[in-house]
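Notes for the one structure printed next.
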Amino acid sequence: GIFGATEIAQERRGPFPWPMSVRSAASTARLEAELEFVQRLANPDYLHHLAQTRLLDDESFCRYLGYLEYWRRPEYAALLSFPHCLHMLELLRLAPFREALKRDDFKAHVSALLEEAWRNRLDFVDAEKARLARGLLAEGGGSSALAAAGGAGGGLEPT
């Protein structure tokens, strides 16, 4: 299966994840494979591919998606580079969403929504940096505090 998802779902022997402190080499490899897979769910093109190949119609695969909910736990969510994959994981539990992903127009819609969310996030981060810089300047830290917080040209200048 794709990234071994079907095989992993079939060979499950008891609850996973195990506590981080008792990981074996096999469980670490499994965690890494599942981390890679769950993060791919953040990619609308990949979701569209899964839908087009009818993998999202497979009941055992859908159960595997339910199993991956453990990634919401803080100790696992902290490992994610693309945390919005958890939102996609949640949406993939809904049959209408899985069905709609088969359509090119819906894939484009999801892509546009994600791009807009990223743009808004970047705008928020830039605004927070500017707020921080204004606060540093207002506290009398001047350019030395600004340099310590990211330096001139580092995006921390007040706007």
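Listed here is the closest heavy atom pair of L89 and L41: CD1-CD1, 3.8 Å. Of all heavy-atom pairs between C85 and V38, the closest is CB-O, 3.2 Å. Closest heavy-atom contact between L31 and Y70: CD1-OH, 3.9 Å. Closest approach of L50 and F61 over heavy atoms only: CD1-CZ, 4.4 Å. Closest non-hydrogen pair, R40 versus Y46, comes out as O-CD2, 3.4 Å. Q39 approaches F82 most closely through the heavy-atom pair OE1-N, 3.1 Å.
Distance check: L86 CG to M88 CE gives 11.5 Å after rounding to the nearest 0.5 Å. Residue L65 holds its CG atom at 5.5 Å from CZ of F37, rounded to the nearest 0.5 Å.
Taking the side chain as every heavy atom from C-beta outward, F97 and L56 never approach each other to under 4.5 Å. Considering only heavy atoms from C-beta on, W71 comes within 4.5 Å of L79 through its side chain.
Follow the hydrophobic side-chain contacts under 4.5 Å out from L94 and you never reach L113; the two are in separate clusters.
Atom CD of E59 sits in a sparse spot, with 12 or fewer heavy atoms from other residues, nucleotides or ligands closer than 6.0 Å.
Screening residues 94-110 for side-chain hydrogen bond (donor to acceptor under 3.5 Å, both in side chains), with sequence neighbours left out, gives D45-K107, H48-D104, D57-K102, E99-K102, R103-D105.
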